[in-house]
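Just so it is clear: chains get the letters A, B, ... in the order the sequence lines come, proteins before strands, and each one is counted from 1.
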Amino acid sequence: MANLPIVQFEKKIIETVEQNPVVVIIGETGSGKSTQLSQMLHRKGYTDSGIVAVTQPRRVAAVSVSRRVAQELGVRLGEEVGYAIRFEDRTSERTQIKYLTDGVLLRESLSNPELNQYSVIILDEAHERSLNTDILLGLMKRLVGSRASNLKVLITSATLDGEKVSKFFSDCPLLTVPGKLFPVEIFYSKERPTSYVESSLKTALDIHVREPEGDVLIFMTGQDDIEKLVLKLEDKVRSLEEGSCMDAIILPLHGSLPPEMQVRVFSPPPPNCRRFIVATNIAETSLTVDGVVYVIDSGYVKQRQYNPATGMYSLDVVQVSKVQANQRAGRAGRTRPGKCYRLYPSRVYNDEFLDVTVPEIQRSSLAGTVLYLKSLDLPDIDILKFDFLDPPSTESLEDALKQLYLIDAIDENGSITSVGRTMAELPLEPSLSRTLIEANEYGCLSQALTVAAMLSAETNLLPNRSKSNEKKRKHPPLDLPDGSGFGDHIQLLQIFECWDENDYDIGWCKYYDLQVRGMLFVKEVRKQLSQIMQKIAKGSSDVQANQSRKGHQNYRNLRKALCIGYASQLAERMRHHNGYRTLGFKSQLVQVHPSSVLQPDDDGLYGSYVVYHELISTSRPYMRNVCAVERQWVMPILDKLEKLNVSKLR
DNA sequence: GTTAGGGTT
């Protein structure tokens, strides 16, 4: 701890904090900011009048950093030093330093807008610009001016955007703390390669043959490319190995890899052996691999974007930002001087790369965010003028307002309704929280809880359909429930009910190729949602997962509740074919996703109306996760849509 | 007739 660079700056940092309500700290990698800032403030006595909070964008970081600080202070985790993440609060009356995810802090500010228990709030890793951090930045700006008791705010960021954050907080002071990285030599390509898989392959082999020992970390965009490159590398390395150079181990690393495969990168290689780790941006911030000396950066990353004009998401391969490229390069300098090979010219880095990653708030649907802000009841708030560091477009905010209006969360004047207030208490997308409230009225809350929980984990449930996995299957695809023809929401419900019938057996999940991690997560979400709904519905007891199964049923009430909740995600079938058009504000032609279990009728046609969970544009525009609904439920929504006047919703 | 970057309440 004593040799962390930040320790020398303690006096300066404390002085600056004493004299200013907000301070921006540029803390480079390895500066020790995450563990030391809170302790400095504690030493100065800031924990006498309240708690020092440190937010993190990720759960694992909140846990691991707090553990470290507890250790350094020689206290038991959960007492003077603790953490709070979803499903787990390890703090006590005695807690003085609290690490928490930014999402948890947002939840807390819902019930206590002044956050009075905190004397200091440190927003760590603000340069990552997560949706939640961006909301917090806006809230902090209001709070430092308005809170009765004294509040200090510290924001840690990266070199390239520190100025901007400082400017946002009325030109507050900006301190730079050096990191503890070894120098990393950067090599640029002469031009962009036609294939970055091939180019990575060539660069990796060059390193293997010419450079001294040290692991190689290669940044690719996704699972597909990773698997391709791993195969090619294995092939080439095998043909090299006839004594000419050291051994090699090649490891893929991405988010959909089972945890036991992910942790393989943490075990050190045998002697005289080089590891090649072929990774997504998971290795940029979430996982740190020791022993890396060489980095190969493709310069690309996959990013999910939302288009408010169409309501459609797409997953695009885009160029990384300068901050990301530097973060990637820095991964080579953790243990000794390293080298970074950028598969693009310096001109591209300088002229084409953005300084900072486009913040998530400008790439997401904002219905949840806007509902959250409305529910805070901030005085004289105009959502369209909320002071964001990087404001989302008016179009995106209006899209959110329209969605909220259609599901009764705000009235025609844009004021939050009592339904909207209840919705904001649920940790769900607005469409699903609206569904729960309606389901409670119709006596099918238990089913809706399951559907909402399943959809909260959806991408982590079903197995990965990559080609290599296809071959690994021990048995042919098994018969999971089929949604009784009504579609994917009903299927998700039925799957969970089966699991419940099998006493939540892990073996059952494995047998059906369902991701165990995902299913356990669903169970926890469902429990949390049940508790909140029981509080809201004052003793409603219809929350048992096994309550509803009574032979054949048509799930009518549940589908009706879904129709109300997804009022802004409705589609009508075209008269003569099986395509649909969305009934939102701008009509889109879309198809039911081929993976859907929705079944056509005897004439081979789908039902006239469906609601969908999301629109995703891949090879074509698709509706993912659809549920058949009835015309008579749709009509009132269409009436409401006609009366809609966006300009009044502001 | 098909998608999977990373997070979070």
Review point. Starting at CG of A:Leu455 and ending at P of B:dT8, how long is that distance when rounded to a whole Å?
Key: 19 Å
Check your understanding: From the list B:dA4, B:dT9, B:dG6, which nucleotide is the closest neighbour of the side chain of A:His254?
Key -> B:dG6
Review point. Rounding to a whole Å, what distance do you find between A:Leu105:CG and B:dT9:P?
Key: 12 Å
Review point. Between A:Tyr612 and A:Tyr622, does the ring centre distance come in under 6.0 Å?
Key: no
Exercise for review: Report yes or no: is the cationic atom of A:Arg573 (NZ for Lys, CZ for Arg) under 6.0 Å from the centre of the six-membered ring of A:Tyr580, at an angle within 45° of the ring normal?
Suggested key: no
Check your understanding: Starting at the 5' end of DNA chain B and moving along, which residue's nearest nucleotide shows up first, A:Arg58 or A:His593?
Key -> A:His593
Exercise for review: Send over the distance from A:Arg59 CZ to B:dG6 P, rounded to a whole Å.
Suggested key: 16 Å
Exercise for review: Kindly determine whether A:Glu429 and A:Arg434 satisfy salt bridge (Lys or Arg N to Asp or Glu O under 4.0 Å), including the steps that lead there.
Suggested key: CA-CA 9 Å; A:Glu429 294 159 52; A:Arg434 181 71 184 89; over 6 Å; no
Review point. A:Ser130 near the nucleic acid: base, sugar-phosphate alone, or nothing, with a heavy-atom cut-off under 4.0 Å?
Key: nothing
Practice item. Could you check how far CG of A:Asn132 sits from C1' of B:dG6, rounded to whole Å? Key: 13 Å
Point to revise | Distance, rounded to the nearest Å, where A:Lys527 contributes NZ and B:dT9 contributes P | key: 15 Å
**Study point:** OP1 or OP2 of B:dG7 under 4.0 Å from side-chain N/O of A:Thr101
**Key:** no
Point to revise | Nearest-angstrom distance from the residue atom CD of A:Glu284 to C1' of B:dG7 | key: 13 Å
Point to revise | Residue closer to the 5' end of DNA chain B, A:Asn281 versus A:Gln56 (nearest nucleotide) | key: A:Asn281
Review point. What nucleic acid atoms does A:Tyr622 come within less than 4.0 Å of, heavy atoms only: base, sugar-phosphate, or nothing?
Key: sugar-phosphate
Review point. Between A:Arg129 and A:Asp390, does at least one N-O distance fall below 4.0 Å, as a salt bridge requires?
Key: yes
Exercise for review: Please work out if A:Glu360 contacts a base, only the sugar-phosphate, or nothing of the nucleic acid, heavy-atom cut-off 4.0 Å.
Suggested key: base
Check your understanding: Phosphate oxygens OP1/OP2 of B:dT8: is one of them under 4.0 Å from a side-chain N or O of A:Arg107?
Key -> no
Check your understanding: So which nucleotide from B:dT9, B:dG6, B:dT2 ends up closest to the side chain of A:Pro594?
Key -> B:dT2
Check your understanding: If you look at every strand shown and take non-hydrogen atoms under 4.0 Å, does A:Thr285 touch a base, only sugar-phosphate, or nothing?
Key -> nothing
Review point. Atom OG in A:Ser200, atom CG in A:Leu343: separation rounded to 0.5 Å?
Key: 5.0 Å
Practice item. Establish whether the base of B:dT9 is bridged to the side chain of A:Arg86 by a donor-acceptor pair shorter than 3.5 Å. Key: no
Practice item. Would you mind classifying the nucleic acid contact of A:Val104 as base, sugar-phosphate or nothing, using non-hydrogen atoms under 4.0 angstrom? Key: sugar-phosphate
Exercise for review: Name the nucleic acid region contacted by A:Leu315, choosing base, sugar-phosphate or nothing; use a 4.0 angstrom heavy-atom cut-off, strictly under.
Suggested key: base
Practice item. Scan A:Arg620 against the nucleic acid and name what it touches under 4.0 Å (heavy atoms): base, sugar-phosphate only, or nothing. Key: nothing
Point to revise | Euclidean distance, atom CZ of residue A:Phe87 to atom C1' of B:dT9 [Å, nearest integer] | key: 9 Å
Review point. Which part of the nucleic acid, if any, lies within contact of A:Ile85, taking any heavy atom under 4.0 Å across all strands shown: a base, the sugar-phosphate backbone alone, or nothing?
Key: sugar-phosphate
Practice item. Walk me through it: do A:Arg304 and A:Glu614 pass the test salt bridge (Lys or Arg N to Asp or Glu O under 4.0 Å)? Key: CA-CA 13 Å; A:Arg304 199 172 135 95; A:Glu614 75 174 357; 2.9 Å; yes
Exercise for review: Let me know the distance between CG of A:Leu253 and P of B:dG5, rounded to the nearest Å.
Suggested key: 12 Å
